[in-house]
Structures are given as structure tokens and as C-alpha cells.
Participant: 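One structure, as C-alpha cells, below. Some questions next.
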Amino acid sequence: MINSLFHKGSSFFIYPYRIIFLRVDELQPAVQVLLSVSKRRFRHAVHRNLLKRRMREAYRVQKNEQLYPALENRSFGLLLAIQYVGKEVLDYAIMCKRMADVLKRLGEETQ
RNA sequence: AAGCAGGCCCGUUCUAUCGCCGCGGCAGCAGCCGGGGAGGAAAGUCCGGACAACACAGAGCACCUCGCUUCCUAACGGGAAGGGCCCCGAUGCAGAUUGGGGUACGGAAAGUGCCACAGAAAACAAACCGCUUCGAUUCGUUGGAGCAAGGGUGAAAACGUGGGGUAAGAGCCCACGGCUUUGUAUGGCAACAUACAUCGCGGUAAACCCCGGGGGUUGAAAGGCCAAAUAGGUUGCGGAUUACUGGAGCUGCUCGCUUCUAAUUUGCCGGUAGGCAAACACCGCAACGGGUAGGCCGAUGGAGCCUGCUAGUGAUGGCAGGCCUAGAUAAAUGAUAGAAGCCCCGCUUGCGGGGAACAGAAUCCGGCUUAUAGGGUUUGCUUUUUU
RNA sequence: GUUCCCGUAGUUCAAUGGAUAGAAUUUCAGAUUCCGGUUCUGAAGAUAGGGGUUCGAAUCCCUUCGGGAACA
């Protein structure tokens, strides 16, 4: 699944994120997400852990309003990879706002 | 009070809501309830152990490692106390006394090597300028013998200073002093110190080496169990067996060749005897090849933490009482809001704004090293003020 | 997680503990040419950081940093 996501998926940027997604028929559960922060950009494990936790929180809080309505009653599911490509650790407020943009864009892409 | 240096400690706290990961209960799942959830370095992986698998008669060699003494400890290359040496400060004319810091600190008197350049010479030999003496002399010098004090070179020059001695000199002799070997006495558990006698005098062992102590190897991807999957595969050895060969020779060994003997099935050649080729089930172990990439145990109650008493100068030990304090497996500790405390800035002097280091457990402990905003405490020194 | 190896000019490599760390290439300047190339001459440029041993350290020792490799 991960291989096919990275080889066949399409991608777009919304700073500080890079998103790769792939439509897959009859996926269970319907949306599966992979979060990643590059070791090359953030040398210390503290910062990588913090960013991944904040990304997960931002996704968790907003997925029900922004993403799931677009996928209701569809025959396909979604594989997602969200990579953090920013150069420094941003505040949660900004990360949360951008994640909302990401989810909206994903909803449009799947129409 | 300020500054500097060293040691030790803390390194935000509380509440609520939404999530995440373990644990316990309601005897299953789900759900609900209760309770827990990163550090002093979790880091580097530099040492030492526990634990595990394999190996192991005893001793020695080789290799690695440590190195003042005594003690602490499960152990250590760690720590405590003490000794020697070096550096800095204070007092003092000085000898010395005292305070602080550092110290890989066994042996150079077992042996070997090395000490660039310069210099006569870097420890064997030896002498550039010199010093003394005996000759020669064209009075400018020159040859032989002796010496190593002085000059010069160097990071380092044959122990330093003074005297005796001598043709001139030299630890050649003497006095004092420095370092050092051995012995005796005294003090100390000891390292060592002091005194006397005695032997000796370049450095280097983070050069080889010698002496003494220690070290079996590999690391949780150790190791054990279950499930799933693949090929009931190939080769070798052993067992069992009628049977998967055995004996002898060539050879240092293996392969191979020759010869003797025993033997099952099938195929081919052959009239037969016989010859050639192929195959041979089962069990165990090892290697090769192939497959799987899941779960459980190991794995979190321990050289454990807190408090008090106690032994000790101290590291640390003993006793009593109390406590349970992360356990994931691609990996949980995040977000929001409020309150309190700390720091900085601004001025309206009690309000507003901002900030909080280094950094994230992965089998577990004891150390070391490195990173660390800020705060507290303590010891020593210096300066100033007061009594 | 465990274990091991390496670090020298911009690059590729040298250097018994001993003058100012050497060579090729690269870069720059000059000469040659009408111009460029080639060639010639000259210059610049380095021991990963810190500490120790030593008269003297790229080399020996300790420590930190960075890079790489192997292992179910």
C-alpha cells in the first residue's frame, strides 16, 4: 500500500505540508494516513516527535468537519501521506489552519 | 555586599475538557469506572556488571587492558581518604608555614632503540676556540704528549657551589646541597616521612620492553515457545537395516587411480558367466538452497525509592518503618482554556506585552564524558564598608 | 539496538615523532597569440574541534564532532 501510494499517488503543496494521496476502491477503513517528518531537516528527536504529534492532533480535530463529508457514500477510500517540509517548528495555530486548507483541498480533489 | 574559583541541589506547579498508550475492576468483545504515563542527562556508547546462549581437564605462550597507597563496591579505567610531585596565592629577610588547584604517579640501577638542525661530543668513540708541557722555528708559526676547567652550540652538555690538589686539570679528594639504590632504626595498616651508613648521577617507557594485577567468546537483532508459509528439496555424516559400502596399495593431506571382497532392484549389451549405467525407503544432526517478516515470554519488584536512627574523617554500610513509581514494538506523553509563582520590557506603580534552557525512555543497573536559560545553597580567596 | 572503520589544499592521493606539511588537478595573475586553447612562469589554498605526553605532534594518548559499513 505504501509503495503504490508513493509510486502512483498525486501530490500538492500547502506550506508547510506536502500531501500525497491515492484513491483506492473499497478501502477499509475508508481513510488511512501516514505522517512523516524528515530526519534531514530536524536533527533532534524532540522536534520530530513534537511536529508529528501536532500534525496528528490538527488532523484529528478537523477530519470530521472538513474531510469525511466529501467521502460519504463513495465507493472508494483514500490513502494519505502528509510530510512536513517546513524548515523550522511552527506554532500549532498556524499548523492547524493550514491543515484545514489541506483537508478542504482534498475534498475538492476527490470530487 | 560585590567579584572569581570549586562542590551539591532544583530545573515550573495545579485544575478542567478533548485525544493517545499500558494496568486493575465490572469474570469475554465493546463500553463504563478507577488509577498511572520521559530525564538529569533518557544523549554519546567510553568503561564495569546483571541476564542469556555457546565453549571450558590443568598450566603456559601470544594478544588486549590497567598501574602511588589504603579503603568503598556486585564490579570498574569509577569514587573516598591519604602520600609524592608540579603550579598559583598569603605570611616571612630566609629556612619554612599555610590555603587553593592540577596530577596516566610501577621500573631508565635488566636489555635494546631514539635524541632532527646546530655542536668537538647527544653518552661508544671523540676536541673547534682553548689550557699545560716538550721540541722545531725563517719569530709569522708549527709538530708530539697530556687535560676537559672556561668560551661557543643546543630543548637538554657528563650533578651544583666553594675549597684542596695539579705542569695544567677533572667527584680525583673534602665540606655543604640536590636527586637516587640498598640496609638499619623510629613513626605510620601502607604509600611515605625523618635520621644514620652506603652505592650512583643526561632525557625518553602516551618508544620497544621488564615487573605486577585483570580478561573465555558473543550480545536482547542474546535466547525460548507458538502460529503461518515453503519444496516430504540437494549434499554430507551417524543410527537402524539384507542393503546407502568395507579392506589394502600409490600419497604429507584431499581428490583420484589400481586391486580384493560382499550385495538389492531396474535398464542396456551379451547365448551364459559376466560387464556397464542408474536408483535405494525411515530416523537424527550439520551445511547449502528456498520460505515467513506475525504473536507471546524475555520485559520492568529492582545492587529499587522515601523517611528516621546508627557506624565511619569520607566514599559507603547496617537496622527499622513506609511506598510501587512508564513499559511502547515503527513505537503512547499532544492540543486548548484558566489560575499561581519566576525572569525581561514599557509606563499610568499595578496594569499591558513577551519569555522559560539542554533535550524524548526501548532489557535493566553502577559510573564516566558531553549539552544545559535561570535559580538556590555551601566552601575558599580578593576588594570595600560597619562593629 | 549492537559492533567496527575513516576524517590532510575545492578534488584525488603522499608524508620514520624533526626546518616553512609534498605532488597532480582546480582557481587567480602574468607571458606567448589578432582572439581562444595548448605551453611556460608565479601566487593562493589544508592536517575535523579541544586537551594532554614530548625539546618538538598530521603521526602517540584522551575526549567531542562529522561521515561510512556490517549484523535478525
Side-chain angles (χ1 to χ4, degrees):
Chain A
M1 283 167 77
I2 293 172
N3 264 337
S4 62
L5 171 62
F6 277 99
H7 283 104
K8 299 186 212 153
S10 25
S11 68
F12 60 89
F13 282 89
I14 292 180
Y15 186 83
Y17 303 119
R18 174 168 185 255
I19 289 88
I20 304 169
F21 67 95
L22 183 67
R23 287 157 56 159
V24 176
D25 291 336
E26 299 181 8
L27 191 63
Q28 200 65 34
V31 184
Q32 299 190 18
V33 190
L34 179 150
L35 300 168
S36 126
V37 180
S38 162
K39 190 173 186 177
R40 188 175 287 274
R41 287 172 197 277
F42 296 94
R43 225 155 56 78
H44 295 295
V46 188
H47 298 140
R48 291 201 300 274
N49 282 341
L50 182 68
L51 285 170
K52 280 192 274 187
R53 285 163 184 166
R54 282 180 173 171
M55 282 160 72
R56 194 180 57 183
E57 178 69 10
Y59 174 82
R60 180 186 73 83
V61 169
Q62 300 175 93
K63 62 181 179 182
N64 284 317
E65 291 90 49
Q66 308 286 356
L67 185 61
Y68 285 3
L71 291 169
E72 256 175 51
N73 304 320
R74 300 269 179 180
S75 60
F76 56 85
L78 211 54
L79 287 178
L80 266 180
I82 306 177
Q83 300 178 314
Y84 191 92
V85 295
K87 293 232 168 56
E88 54 210 29
V89 180
L90 297 172
D91 286 343
Y92 175 76
I94 301 172
M95 289 177 66
C96 193
K97 196 155 155 288
R98 295 288 157 74
M99 185 62 79
D101 298 342
V102 166
L103 297 181
K104 262 184 227 160
R105 171 86 178 269
L106 271 174
E108 293 162 12
E109 294 271 353
T110 51
Q111 293 302 312

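Chain identifiers are assigned alphabetically (A, B, ...) following the order of the sequence lines, protein sequences preceding nucleic acid strands; residue numbering begins at 1 within each chain. Reckoned from all heavy atoms, side chains included, excluding hydrogens, waters and symmetry mates. The model shown is predicted, which means the values in this text are computed figures rather than measured ones.
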Participant: With rounding to the closest Å, how many angstrom separate the P atoms on B:C105 and B:C192?
Facilitator: 16 Å
Participant: Any idea if B:G40 is syn or anti, going by the 90°-from-0 cut?
Facilitator: syn
Participant: Name the orientation of the base relative to the sugar in B:A205: syn if the glycosidic angle is within 90° of 0, else anti.
Facilitator: anti
Participant: Any strand is fair game: report the nucleotide pairing with C:C55 by Watson-Crick or G-U wobble, both distances under 3.5 Å, or none.
Facilitator: C:G18
Participant: Counting side-chain heavy atoms from CB outward, which of B:U336, B:G334, B:G360 is closest to A:Leu50?
Facilitator: B:G334
Participant: Determine if the base of B:U138 is syn or anti; take syn to mean the glycosidic torsion is within 90° of 0.
Facilitator: anti
Participant: Going by heavy atoms in the side chains, are A:Gln83 and A:Val37 under 4.5 Å from each other?
Facilitator: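 No. Closest side-chain heavy atoms not under 4.5 Å.
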Participant: What is the pairing partner of C:A31, taking Watson-Crick or G-U wobble pairs with both distances under 3.5 Å in any strand?
Facilitator: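 Answer to the pairing question: C:U39, which forms a Watson-Crick or G-U pair with C:A31.
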Participant: Say whether, by atom type as modelled, one donor and one acceptor occur between the side chain of A:Tyr17 and the main chain of A:Met55 under 3.5 angstrom.
Facilitator: no
Participant: Taking atom P in both C:A15 and C:G52, what distance in whole Å separates the two?
Facilitator: 29 Å
Participant: Could you work out the separation of B:G119 and B:A157 based on their C1' atoms and round it to a whole Å?
Facilitator: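 Going atom to atom, C1' in each nucleotide, I get 10 Å.
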Participant: Atom NE2 of A:His47 to atom P of B:U333: distance rounded to whole Å?
Facilitator: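 A:His47 atom NE2 is separated from B:U333 atom P by 16 Å.
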Participant: Please name the nucleotide paired to B:G36 by Watson-Crick or G-U wobble geometry with both distances under 3.5 Å, or report none.
Facilitator: B:C21
Participant: Please examine the side chains of A:Ile94 and A:Tyr15, heavy atoms only from C-beta on, and report whether any two atoms are closer than 4.5 Å.
Facilitator: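 Side-chain contact under 4.5 Å: no.
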Participant: B:A359 C1' sits how many Å from A:Phe42 CZ, rounded?
Facilitator: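 Distance, rounded to whole Å: 16 Å.
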Participant: Do any side-chain nitrogens or oxygens of A:Arg54 fall under 4.0 Å of OP1 or OP2 in B:A335?
Facilitator: yes
Participant: Find the distance A:Asn64:CG to B:G19:P and express it as a whole number of Å.
Facilitator: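 In whole Å, B:G19 P and A:Asn64 CG are 11 Å from each other.
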Participant: For the backbone of A:Cys96 and the side chain of A:Gln62, can you confirm whether one donor and one acceptor N or O come within less than 3.5 Å of each other?
Facilitator: yes
Participant: Should B:A339 form a Watson-Crick or G-U wobble pair with both distances under 3.5 Å, which nucleotide is its partner?
Facilitator: B:U13
Participant: Using both distances under 3.5 Å as the test, list the Watson-Crick or G-U wobble partner of B:C4, or none.
Facilitator: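 Pairing partner, where one exists within any strand: B:G380.
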Participant: For A:Phe12, is the NZ or CZ atom of A:Arg105 found under 6.0 angstrom from the centre of its six-membered ring and inside 45 degrees of the ring axis?
Facilitator: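 The answer is yes, since A:Arg105 meets both limits relative to A:Phe12.
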Participant: For B:C196, give its Watson-Crick or G-U wobble partner with both distances under 3.5 Å, or none.
Facilitator: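 Pairing partner: B:G183.
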Participant: Nearest-Å distance, CD1 (A:Ile94) to P (B:U336)?
Facilitator: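 Whole-Å distance recorded here is 12 Å.
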Participant: On RNA chain B, check which nucleotide each of A:Arg53 and A:Ala93 is closest to and give me the residue with the more 5' one.
Facilitator: A:Arg53
Participant: Please classify C:G68 as syn or anti, treating any glycosidic angle within 90° of 0 as syn.
Facilitator: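 Here the answer is anti: the torsion falls beyond 90° from 0.
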Participant: For the pair made of NE2 in A:His44 and P in B:A371, what is the distance, rounded to whole Å?
Facilitator: 14 Å
Participant: Please report the distance separating the C1' of B:C128 from the corresponding atom of B:U153, rounded so that it comes out in whole Å.
Facilitator: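 Roughly 11 Å separates the two C1' atoms.
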Participant: Donor-acceptor pair, distance only, cut-off 3.5 Å: does the side chain of A:Arg54 make one with the backbone of A:Leu90?
Facilitator: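 Looks like yes, one N/O pair under 3.5 Å.
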Participant: Using the P atom on both, measure B:G106 against B:G171 and round to a whole Å.
Facilitator: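 Result for the P pair: 34 Å, nearest Å.
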Participant: Whole angstroms only, please: what is the NZ-P distance between A:Lys52 and B:U333?
Facilitator: 11 Å
Participant: So, is A:Arg60 close to the B:C18 phosphate, meaning a side-chain N or O under 4.0 Å from OP1 or OP2?
Facilitator: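 So the side chain of A:Arg60 is outside the cut-off, no N or O lying under 4.0 Å from OP1 or OP2 of B:C18.
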Participant: Hey, is the side chain of A:Arg56 poking within less than 4.0 Å of OP1 or OP2 on B:U333, counting only N and O atoms?
Facilitator: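 Checking A:Arg56 against B:U333: at least one side-chain N or O falls below 4.0 Å of OP1 or OP2.
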Participant: Do the non-hydrogen side-chain atoms of A:Phe13 and A:Ile19 ever get within less than 4.5 Å of each other?
Facilitator: no
Participant: Paired with B:A175: which nucleotide, if any, by Watson-Crick or G-U wobble criteria at under 3.5 Å for both distances?
Facilitator: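 Base-paired to B:U161.
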Participant: Tell me, please, whether A:Phe42 has A:Arg48 positioned over its six-membered ring: NZ or CZ under 6.0 Å from the ring centre and within 45 degrees of its axis?
Facilitator: no
Participant: What nucleotide among B:U333, B:A335, B:G360 has an atom nearest to a side-chain atom of A:Glu57?
Facilitator: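 Out of B:U333, B:A335, B:G360, the nucleotide with an atom closest to A:Glu57's side chain is B:A335.
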Participant: Expressed as a whole number of Å, how far does the P atom of B:A104 sit from that of B:A335?
Facilitator: 47 Å
Participant: With syn defined as a glycosidic angle within 90° of 0 and anti as the rest, where does B:G22 land?
Facilitator: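 Syn for B:G22; the angle stays within 90° of 0.
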Participant: Using atom C1' in both nucleotides, what's the gap between B:A221 and B:G232 to the nearest angstrom?
Facilitator: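 Those two atoms are separated by 31 Å.
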Participant: Considering only the C1' atoms, how many Å lie between C:U20 and C:G45, rounded to the nearest integer?
Facilitator: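 Those two atoms are separated by 15 Å.
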Participant: Rounding to an integer number of Å, can you tell me how far A:Tyr92 OH sits from B:G19 P?
Facilitator: 13 Å
Participant: Could you please name the partner base of C:U11, counting Watson-Crick and G-U wobble pairs only when both distances are under 3.5 Å?
Facilitator: C:A24
Participant: Rounded off to whole Å, could you give me the CG-to-P distance for the A:Asn49 and B:G334 pair?
Facilitator: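 To the nearest whole Å, that distance equals 9 Å.
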